**Q** 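Structure below; questions to follow.
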Amino acid sequence: MSLLMAAAAGTGIGLGVLLIVAGLRGQRILPGLDRLFPSATNVETAAAWCGAAAITGIVVYALVGWPVAAVLAAGTVIWLPRPLAARTNRDTAVARTEAIASWAEMIRDNMAGSAGLEQALIASAHVAPAAIAPELRRFAGRIDRMPLVDALGRLGAEVDHPSADLVVVALVNAARMEARELGPLLGRLADTIRADVRMRLRVEVGRARIRTSARIVVATSVATIGFLFVFSRQLLEAYDSLAGQLWLLVVAGVFALGGWLLSSYGQLEMPERFSARTSRTVARQ
């Protein structure tokens, strides 16, 4: 282990020199908090996770004496916020998509009640689904201060959702050309958006089974290592050497690669956005 500690100390010194040189040259080496943590994480929460990671690494090293295990444990704590936030992000994305479909139906129903397009939009903003209510309230406040087409363009940019773009483009075209078939078009768009949500939910059910299987594998592996460490410590003595630590790093790398692939495949991919041209864009052409 003395050789291993010497290697770890040398690596630490080299990394420290690299950080000092990069700091003097104004270069960033370590990723920012926005890369390490979900975008909604504030600075205080990120600092708490970093502190918990450091404490976990120290505790693991004190218990098992494996530097690689300590680094891996700290890295796992740093990584935890992303999978914890993934479920919330998926639920939020589905709720916003369903809300856009409901909003389209509200506009259609309001127009069917002999309301004009602008009046229908203002009325729908007051009873908008909670997932997109803030954006629609701001949109309703802008209608009196700017052309309807420009206000719709701002709304599409704020909602920032490909399904919302479909609805916004239909509304923009209706505002420009007074399309009489806007109601049926909005109804078809709402049906299409809801079908997209149902498809994504079915895909998510299949992915949930894969995630559950992965959690079982990881939990079983960790429990097995813990059992051997407590009751058969001699079976793990091979990891006390430098070669053992390197093999532990390889095993951890395989788990990390699997987790990264699982996380990548489990992300909800949205199609490319497109937006309608505003009146200012048209004027410049």
Side-chain angles (χ1 to χ4, degrees), residues 1-93 211-212 214-230 233 236 239-240 242 244-264 266-267:
M1 283 300 286
S2 58
L3 180 60
L4 179 62
M5 293 302 298
T11 303
I13 293 173
L15 180 60
V17 172
L18 179 64
L19 291 175
I20 292 174
V21 173
L24 293 176
R25 298 179 63 180
Q27 295 177 339
R28 168 173 284 186
I29 295 180
L30 297 177
L33 293 179
D34 56 334
R35 299 284 302 277
L36 287 175
F37 298 98
S39 56
T41 304
N42 56 39
V43 176
E44 291 78 9
T45 304
W49 278 105
C50 290
I55 294 173
T56 302
I58 293 172
V59 171
V60 169
Y61 182 75
L63 290 176
V64 301
W66 296 344
V68 172
V71 173
L72 293 176
T76 301
V77 174
I78 290 288
W79 173 73
L80 271 179
R82 285 194 170 275
L84 292 177
R87 177 63 182 273
T88 302
N89 293 337
R90 288 192 293 270
D91 293 344
T92 300
R211 283 194 292 269
T212 301
R215 292 191 189 102
I216 292 174
V217 171
V218 172
T220 304
S221 301
V222 173
T224 302
I225 294 174
F227 179 83
L228 292 176
F229 186 83
V230 173
R233 182 68 176 84
L236 300 177
Y239 290 104
D240 293 339
L242 175 60
Q245 289 293 287
L246 293 177
W247 276 114
L248 181 61
L249 193 61
V250 171
V251 173
V254 172
F255 273 89
L257 178 61
W260 177 76
L261 290 175
L262 187 64
S263 175
S264 299
Q267 291 180 356

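All values derive from a computational prediction rather than experimental measurement. Just the heavy atoms: all of them, side chains too, but no hydrogens, waters or symmetry mates, feed the values below.
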**Q** Can you name the side chain to side chain contact (heavy atoms under 4.5 Å, CB included) partners of A74, sequence neighbours left out?
**A**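 Residues passing side chain to side chain contact (heavy atoms under 4.5 Å, CB included) with A74: A53.
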**Q** Going from OG1 on T56 to CH2 on W49, what distance comes out if it is rounded to the nearest 0.5 angstrom?
**A**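 Here the interatomic distance stands at 9.0 Å.
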**Q** Which heavy atom in A70 sits nearest to a heavy atom in Y61, and how many Å separate them?
**A**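 Scanning both residues, the minimum pair turns out to be CB-CB, 3.7 Å.
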**Q** Apply side chain to side chain contact (heavy atoms under 4.5 Å, CB included) to F229 and list each qualifying residue two or more places apart in sequence or on a separate chain.
**A**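 By the side chain to side chain contact (heavy atoms under 4.5 Å, CB included) rule, F229 matches V64, R233, L236.
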**Q** L72: what forms a side chain to side chain contact (heavy atoms under 4.5 Å, CB included) with it, not counting sequence neighbours?
**A**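 V68, A252.
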**Q** Give me the atom names and distance for the closest heavy-atom approach of V60 to A73.
**A**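 In this case the closest contact between V60 and A73 is CG2-CB, 3.6 Å.
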**Q** Between Y239 and Q245, which heavy-atom pair has the shortest distance, and what is it?
**A**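 Scanning both residues completely, I find the closest heavy atoms to be O-NE2, 2.7 Å.
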**Q** Applying side chain to side chain contact (heavy atoms under 4.5 Å, CB included), name anything that partners V251, two or more places apart in sequence or on another chain.
**A**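 Partners of V251 under the side chain to side chain contact (heavy atoms under 4.5 Å, CB included) test: F255.
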